[in-house]
Amino acid sequence: MICSICSDKAEGYHFGAISCAACGAFFRRSVSDQKVYSCSNRQCNIAHDPTKRGGSCRFCRFLKCVSSGMMPQDVKAKRTASTQQNVTSLYRNMNQSSILLIDQIIVFRRNIAAERQMFDSISRSTNRTNLIISLHQEFEMLRRVALGCPFFIQITEHFSIPYLGTDSKIMNDPLSDLLTLLFVFEACYLTGVKGGVQLDRLFLPNMLHVDLSEVLFTEFLECDVHASMDPYRSILNAFSYLVQMVSRSFQSANFDEPILSILLYKCLTETVPINYRHRFAEVNRDSLLTDLNRVDSTAFQHTQNIASQIHQGARAYKEAISSIW
DNA sequence: CTTCAAGGCCAT
DNA sequence: ATGGCCTTGAAG
């Protein structure tokens with residue numbers, strides 16, 4: 001067997017890909033230390049070369065690891081090993097309605113994933129025009145799926161109908177705040193899961209991505225004509241914040257689906273304007289969170305921290321995006 | 001029991 | 001920072 005990253009002799013699977021121990025160790029360090037790499041040409045040769053030590057480009061090596069099938073989620077999966085155990089004991093500690101709610105959220109996220117129009121280019125960066133088009137598509141889809149989903153209807157029932165605006169107003173109604181939050185949530189989750197944290201790259205849910213290394217991001221900002229630089233400063237800040245803070249937290253917390261669902265529910269219900277909040281939703285949320293705290297207080301702490309980061313990130317993102325919407 | 005793969009350690 | 005070597009835990 002040969003290593004699918006550096007073509008050296010492989011010794012078996014590491015984090016989901018056949019690789020040598022060295023590339024496995026490199027990948028593990030990259031993820032667990034949350035390194036950030038950058039490279040201007042992005043197609044360096046990664047072949048193993050015994051004559052030089054540590055010579056190859058880290059950005060490209062990591063990219064090769066990911067594209068060869070290594071999964072950041074698998075780092076720290078085994079030794080802590082609590083994931084599966086915690087999920088079962090989490091379910092044991094919950095009442096039936098909480099379990100049903102979590103299942104609904106899991107189905108909800110899967111429905112969204114199934115409905116989503118994927119851009120085929122996983123490895124090609126986007127430009128602003130593509131970004132705007134994909135945002136419109138994404139928000140239309142989120143709106144449609146969300147309003148067909150019972151738990152979403154429940155938490156929004158006090159305001160959803162009168163506020164169903166059209167595109168021009170989309171950033172100004174409470175529903176779009178929820179959709180923005182969904183979008184930011186999925187973007188940060190994916191960025192963590194796909195190793196975008198190391199690549200300084202924000203993955204959007206439909207697999208477009210935005211590079212944040214200085215040169216490439218400047219190109220992104222300048223690729224359309226009428227670019228007075230000012231409004232785009234906030235785009236850079238917002239995107240950087242999402243990658244550097246929220247995606248990182250997602251990656252290190254490494255939640256499984258039920259805990260992700262609890263986090264999402266917490267974020268969504270908190271995004272509903274305070275005088276429109278649904279009483280049952282509040283009760284449900286508190287119940288989910290106390291159950292989580294009882295079973296896994298570390299994960300509970302993470303949900304608290306990440307939730308507040310997501311709220312900040314969604315605010316920054318909304319501001320940045322509305323300037324180009 | 002054995003095997004596989006993850007994390008820790010540490011000389012380089 | 002790297003990668004070889006060792007220990008550890010889970011799965012078969």
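The chains referred to below are lettered A, B, ... by the order of the sequence lines, with proteins before strands, and numbering in each begins at 1.
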Nearest-Å distance for atom pair CD/P, residues A/Glu11 and C/dC6: 13 Å
Any A/Phe217 side-chain heavy atom under 4.5 Å of A/Asp211 side chain: no
Residue A/Arg29, side-chain atoms from C-beta onward, closest of C/dA1, C/dG3, B/dA6: C/dG3
Gap between atoms CZ and P, on A/Arg28 and C/dG3 respectively (whole Å): 12 Å
A/Asp74 CG - B/dA5 P separation (whole Å): 11 Å
Residue that, paired with A/Ile306, satisfies side-chain contact (heavy atoms from CB on, under 4.5 Å) out of A/Cys267, A/Ser252, A/Ser249: A/Ser249
A/Asp8 CG to C/dT2 P, straight-line distance once rounded to whole Å: 15 Å
Sidechain-backbone polar pair: A/His158 side chain, A/Tyr276 backbone, donor-acceptor under 3.5 Å: yes
Length of the line joining A/Phe26:CZ and C/dA1:P, which is rounded to integer Å: 11 Å
Rounded distance in Å - NZ (A/Lys35) to C1' (C/dT2): 10 Å
Atom-pair distance (OH on A/Tyr13; C1' on B/dT3), nearest Å: 15 Å
A/Phe15, nearest nucleotide to its side chain (from C/dA1, C/dT2, B/dA6): B/dA6
A/Gln198 and A/Gln251: side chain donor to acceptor below 3.5 Å: yes
Atom pair distance, as rounded to whole Å: CD in A/Gln73 and C1' in B/dA6: 15 Å
A/Arg61, nearest nucleotide to its side chain (from B/dA6, C/dG3, C/dA1): C/dG3
